[in-house]
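These notes concern the structure reproduced below.
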Amino acid sequence: MDLVETRDAETAPFPKMDPDRYAAKGTGHRFHAMMKPSGAQCNLDCTYCFYLHKEGLLHQPKAPRMSDEVLEQHVRQYIEAQDGDAVIFSWQGGEPTLMGLAFFEKVVELQRRYAKPGQKIENDLQTNGILLDENWARFLKRENFLIGLSIDGPEHLHDRYRVNKAGRPTFQRVLAAAHLLHEHQVPFSALCVVNNANAGHPLEVYRFLRDEIRPRLIQFIPGMEKKDFFQTAPQHWDPDLLPYEHTRAARPGHRRSAVADWSVDPEQWGVFLTTIFDEWQANDFGRVFVDQFENILSMLLGHGSQHCVTSRYCGKAVAVEHNGDLYSCDHFVYPEFKIGNILKTHEGNLAFGEKQMKFGIDKSKNLPKKCQQCPYLQLCWGHCPKDRFLKTTDGEAGLHYLCHGLQHFYSHVIRACNKLVEET
């Protein structure tokens with residue numbers, strides 16, 4: 001391992017970035033890292049959480065905490081490896097606010113120390129909102145943090161799955177957090193996980209978020225996991241055991257289903273999005289920002305995808321655990337997808353290394369013929385490889401679980417846009 005001289009004699013050697021690796025690729029080196037400073041630890045026990053089980057899978061300590069050494073190396077290496085005008089730090093978990101305010105005060109101090117001249121440093125933080133108080137709100141406003149607040153709709157829908165460790169509802173505390181952020185003028189997005197409980201109430205969910213929560217952006221995330229996700233890494237399942245599309249095993253709620261019962265049904269997902277799209281187009285276009293709608297319109301207008309899941313290639317969004325272990329993606333935090341540790345190898349060398357490049361290219365390289373021949377291919381590119389656990393009717397593995405819902409959404413939006421053009 002190549003090392004550079006330390007900043008002072010009492011500091012352990014820092015991994016060095018390989019300049020030849022970056023020079024060979026030219027300019028425009030940018031990637032995104034999702035930081036997990038408290039590992040998988042959380043103060044909630046959401047039924048559908050895809051990350052809580054990492055505590056056992058990765059053999060994390062009871063209360064994992066990112067050390068000062070790992071934090072400083074991440075801040076330094078993350079900034080050093082990128083040449084953009086802005087570098088975005090994302091903090092997630094588990095629940096990142098468990099780290100306490102002092103940790104994030106240290107974060108911004110280190111960012112100021114290592115920022116390149118003229119470079120803008122931005123922070124976003126995804127939270128359940130439970131620990132937010134006046135001190136947090138003042139800090140978030142002062143340091144210009146963008147917040148993502150998890151909320152699944154009105155009380156009776158939110159509390160179905162988002163409960164605390166004692167199994168008690170959390171809605172009222174999340175609602176209080178939203179009011180607190182508004183009071184202190186902290187910009188925030190609402191992240192809504194669409195599951196089998198709230199998927200059947202699209203307008204109720206949307207209108208509640210739009211009118212009561214009033215975030216700067218609404219994000220709808222399809223909640224879905226293969227039943228064996230606790231122990232089996234994506235793309236490491238037995239292809240012979242994957243269910244065929246259009247079968248009962250390819251939908252939630254059945255004894256032989258391949259997915260967790262709380263998962264959104266593919267057809268539900270398509271109807272959920274299109275129903276809200278119609279409301280949004282009729283009443284809220286240009287006034288309310290919905291992540292999926294902004295993304296598909298960007299692609300239809302030729303400006304490219306704003307999401308990794310709808311991009312031809314992925315791999316530019318890694319995850320860094322509390323101990324410095326770096327994984328190919330936030331949804332691929334499994335031993336099979338660990339690509340190194342930033343205490344041993346520079347984060348930039350890992351993010352732009354051959355293993356990660358292959359991970360990104362494989363997204364569009366390994367598509368089944370049905371995807372390759374699909375009229376919506378360039379709006380989807382097979383979506384996220386994490387959820388490609390269906391077989392086509394021809395028996396080819398690798399079809400995305402939400403394929404039919406996504407097709408319904410794409411065709412609906414295209415028809416709506418064509419109609420709008422014709423009318424104008």
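The analysis underlying the following values was restricted to heavy atoms, covering all of them including side chains, and did not include hydrogens, waters or symmetry mates. This is a predicted model, so every value here is computed, not measured.
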Donor-acceptor under 3.5 Å (His158 side chain, Asp152 main chain): yes
Donor-acceptor pair, side chain of Glu336 and main chain of Ala233, under 3.5 angstrom: no
Nearest-0.5 Å distance that lies between atom CG in Asp284 and atom CD in Glu279: 6.0 Å
Aromatic ring pairing Phe139/Phe145, orientation class (parallel under 30°, perpendicular over 60°, tilted between): tilted
Test log, rule salt bridge (Lys or Arg N to Asp or Glu O under 4.0 Å), inputs Glu109 and Arg113: CA-CA 6 Å; Glu109 176 187 335; Arg113 181 188 307 173; 3.5 Å; yes
Trp269 ring center near Phe409 ring center (under 6.0 Å): no
Sole candidate of His404, Glu267, Gln268 that passes side-chain contact (heavy atoms from CB on, under 4.5 Å) when paired with Arg251: Glu267
Nearest heavy atoms of Gly129 and Ala177, plus distance in Å: O-CB, 3.5 Å
Backbone N/O of Pro252 and side chain of Asp261: donor-acceptor pair under 3.5 Å: no
Donor + acceptor pair across side chains of Thr392, Glu245 (<3.5 Å): no
Salt bridge (Lys or Arg N to Asp or Glu O under 4.0 Å) between Lys120 and Asp85, worked out: CA-CA 6 Å; Lys120 184 179 181 181; Asp85 295 333; over 6 Å; no
Donor-acceptor pair, side chain of Tyr327 and main chain of Val318, under 3.5 angstrom: no
NZ on Lys226 to OG on Ser263, rounded to 0.5 Å: 11.5 Å
Pairing of Lys36 and Asp330 as salt bridge, 4.0 angstrom limit: yes
Within 45° cone and under 6.0 Å: Lys54 NZ/CZ vs Tyr334 ring: yes
Mutual orientation of the aromatic rings belonging to Phe293 and Trp280 [parallel < 30°, tilted 30-60°, perpendicular > 60°]: tilted
Separation of Arg162 CZ from Asp45 CG (nearest 0.5 Å): 11.0 Å
Please tabulate, for side-chain N and O atoms in residues 178-189, each donor-acceptor pair with protein atoms closer than 3.5 Å (sequence neighbours left out).
unit_1, atom_1, unit_2, atom_2, d
His182, NE2, Ile213, O, 2.7
His182, NE2, Arg214, O, 3.3
His184, NE2, Glu134, OE1, 2.6

Candidate pair Asp278 and His412, rule side chain to side chain donor-acceptor pair (under 3.5 Å), full reasoning: CA-CA 9 Å; Asp278 288 344; His412 184 87; 2.6 Å; yes
Partner residues of Ser90 under the side-chain contact (heavy atoms from CB on, under 4.5 Å) criterion, sequence neighbours left out: His32, Met34, Ile88, Asp124
Residue pair Arg388 / His400, side-chain donor-acceptor N/O under 3.5 Å: no
Exercise: do Glu155 and Gln172 side chains pair donor with acceptor under 3.5 Å: yes
Donor + acceptor pair across side chains of Gln60, Glu321 (<3.5 Å): yes
Aromatic plane relationship, Tyr206 with Phe220 - under 30° parallel, 30 to 60° tilted, over 60° perpendicular: tilted
N/O donor-acceptor pair under 3.5 Å between Ser38 side chain and Arg65 backbone: no
Arg168, CZ: over 12 other non-hydrogen atoms inside 6.0 angstrom: no
Working for salt bridge (Lys or Arg N to Asp or Glu O under 4.0 Å), residues Glu55 and Lys62: CA-CA 8 Å; Glu55 290 182 296; Lys62 187 174 181 179; over 6 Å; no
Pair Glu80 + Lys116: basic N to acidic O under 4.0 Å: no
Ring pair (Phe, Tyr, Trp, His ring centres under 6.0 Å), paired with His236, selected from Phe229, Phe337, Phe332: Phe337
Shortest non-hydrogen contact from Leu402 toward Pro266: CD2-CA, 3.7 Å
Charged tip of Lys316 within 45° of Phe352 ring normal and under 6.0 Å: no
By side-chain hydrogen bond (donor to acceptor under 3.5 Å, both in side chains) - contacts of Asp159 (at least two apart): none
Check: Phe104 and Leu140 side chains under 4.5 Å, non-hydrogen atoms: no
